[in-house]
2 protein chains.
Amino acid sequence: MPKDRTPTRIQKKNRAAILEASLNVFSANGFRGATVDQIASEAGLSKPNLLYYFPSKVDMHNALLAQLMDTWLDPLREMDEDGEPLTEIMAYVRRKLQMSRDFPRESRLFANEIVQGAPRIHDALNHDLKTLVDEKTKLLERWMADGKIARVHPYHLLFSVWSLTQHYADFDVQVRAILGDEDPFDGADPFLETLYLRLLTP
Amino acid sequence: MPKDRTPTRIQKKNRAAILEASLNVFSANGFRGATVDQIASEAGLSKPNLLYYFPSKVDMHNALLAQLMDTWLDPLREMDEDGEPLTEIMAYVRRKLQMSRDFPRESRLFANEIVQGAPRIHDALNHDLKTLVDEKTKLLERWMADGKIARVHPYHLLFSVWSLTQHYADFDVQVRAILGDEDPFDGADPFLETLYLRLLTP
DNA sequence: CGTGAGTTTGACCGTTTGGTCAAATCACAT
DNA sequence: ATGTGATTTGACCAAACGGTCAAACTCACG
């Protein structure tokens with residue numbers, strides 16, 4: 001196992017390659033569906049060499065999820081209580097949609113984990129996510145009370161943003177089966193704009 | 001392997017038990033994550049006995065998906081071109097949400113399959129689903145042209161229904177982590193009602 | 001160059017997996 | 001009751017799996 005002093009250039013390169021390969025394999029097959037050999041081959045390393053950097057399969061998975069959880073919540077974190085309410089929410093939706101476009105593998109990694117009952121991130125869900133959501137929910141309720149946006153159930157409003165945006169990453173094959181050559185996001189962007197404008201304009 | 005003459009009472013009972021057990025295990029773990037032993041034990045059969053009724057793991061999975069695909073598309077099929085447009089769409093949304101409530105395991109089976117690239121149902125997606133969607137899409141466009149409902153991208157309108165309703169089944173753990181004791185569907189129902197009313201009222 | 005830490009690997013191990021098979025048991029029509 | 005086909009099972013197998021280990025190689029630095 002490599003020392004956790006300042007990493008050498010080789011450690012940096014290989015760790016990055018492994019995380020990249022892990023992301024590919026885990027997001028496409030789920031945790032149990034992914035094999036260490038597959039990750040090793042995708043990373044261009046021998047299996048023992050791979051396990052030299054991450055002692056086990058779960059370690060790779062954990063490293064990915066830990067790294068992901070933060071970036072995943074960022075778009076919501078950035079929703080600013082001092083901004084114009086409707087603008088802030090629309091911007092949040094746009095950021096979230098952008099994440100589905102830019103990080104579809106990360107989205108599917110997450111989806112795989114949650115569909116199967118989130119056995120490995122239950123705690124993060126009930127703590128990190130719950131805390132952030134409750135904070136932002138209060139903000140949404142204040143905006144509603146002030147008549148800045150229409151009154152809707154704030155939790156379900158957030159659910160709608162998550163599901164509508166992540167759908168384009170998670171259900172990509174289905175979306176493309178319907179749309180054919182058309183770029184999903186070309187249509188999604190104005191559609192969601194319209195949807196939330198009509199839903200939330202007081 | 002049992003003859004495919006008229007099934008005996010034992011065949012009926014065991015086939016049903018196996019499909020029930022398969023649904024539990026596949027929906028909770030995905031195809032690769034599910035093991036034959038697990039299904040056998042859940043069905044209360046020995047492994048060889050299970051394989052006497054379904055010759056392989058893929059056969060069980062296929063049987064489930066084939067059976068599912070039809071019921072899954074039914075809510076959309078029922079959308080009636082002779083009905084009142086807005087009412088028809090709202091009823092479709094309600095039926096779809098009801099399916100998430102009544103058949104969450106089926107929804108997760110589907111989700112698992114699609115998130116992982118739908119390797120086993122690619123054809124059904126590009127044919128059965130695509131055909132039905134294109135037919136109903138024409139109907140939606142006619143309603144829009146007639147000014148009965150607001151103009152939005154019809155494909156993305158359908159995507160929104162799918163994602164918003166299935167989210168409550170597929171991301172159940174996450175939803176419950178946020179809502180706590182509150183019944184997800186108590187809030188979902190009026191939320192979606194409001195959302196589609198505001199989106200589609202001309 | 002030499003040397004020690006960092007890196008890589010072939011060979012291997014125990015377990016789990018999907019699946020087989022012959023033999024035993026059971027259900028039921030005659 | 002009995003014979004025949006349907007059902008059930010313990011024992012087994014080959015492949016795939018996650019992971020180990022000692023030995024070999026490579027790199028950076030004095």
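Letters A, B, ... mirror the listed sequences (proteins, then strands); counts begin at 1. Every heavy atom of this structure was used, including side-chain atoms; hydrogens, water molecules and symmetry mates were not.
Remark: A/N14 is not in phosphate contact with C/dG6, judged by side-chain N or O atoms under 4.0 Å from OP1 or OP2. When the side-chain nitrogen and oxygen atoms of B/Q11 are compared with OP1 and OP2 of D/dA6, none of them lie within a distance under 4.0 Å. Within the structure, every side-chain polar atom (N or O) of A/R9 is placed at least 4.0 Å from both OP1 and OP2 of D/dC27. The phosphate of C/dT8 has neither OP1 nor OP2 within less than 4.0 Å of any side-chain N or O from A/Y52.
Nucleotide C/dT16 holds its C1' atom 14 Å from the CG atom of A/D37, rounded to whole Å. If you measure from atom CZ of A/F54 to atom P of C/dT7, you get 13 Å, rounded to the nearest angstrom. Counting to the nearest Å, the P atom of C/dT8 and the CZ atom of A/R15 are 12 Å from each other. Rounding to whole angstrom units, CG of residue B/N29 and P of C/dG18 are separated by 11 Å. In this structure, the CZ atom of A/F31 is 12 Å from the C1' atom of D/dC17, given to the nearest Å. For the pair A/K12 NZ and D/dC27 P, the computed distance is 18 Å after rounding to whole Å.
Here D/dT20 is the nucleotide among C/dT8, D/dT20, D/dC27 with the atom lying nearest to any side-chain atom of A/P48. Checking C/dG18, D/dG19, C/dT7 against every side-chain atom of B/K57, the shortest atom distance belongs to C/dG18. Among the nucleotides D/dT9, D/dG19, C/dA27, the one closest to any side-chain atom of B/N49 is D/dT9. You'll find that the side chain of A/K47 is closest to D/dG18, out of C/dG6, C/dG18, D/dG18. Of the listed nucleotides (C/dT9, C/dT7, D/dT8), D/dT8 has the atom at the smallest distance from the side chain of B/S46.
In this structure, B/K96 satisfies the cation-pi test against B/W72, with its NZ or CZ atom closer than 6.0 Å to the six-membered ring centre and inside 45 degrees of the ring normal.
No donor-acceptor distance shorter than 3.5 angstrom exists from the side chain of A/S27 to the backbone of A/R108, with no hydrogens or angles considered. Here the side chain of A/T201 pairs no donor or acceptor atom with the backbone of A/R198 at under 3.5 angstrom.
More than 12 heavy atoms of other residues, nucleotides or ligands shown are found within 6.0 angstrom of NZ on A/K136.
A/L51 comes within 4.0 angstrom of a base, heavy atoms only. A/A40 comes within contact range of no nucleotide atom at all, as no heavy-atom separation falls under 4.0 Å.
Toward the 5′ end of DNA chain C lies the nearest nucleotide of A/L45, the other residue of the pair B/V36 and A/L45 mapping further downstream.
Contact between B/E113 and B/H61 at its shortest, heavy atoms only, is OE1-CE1, 3.3 Å.
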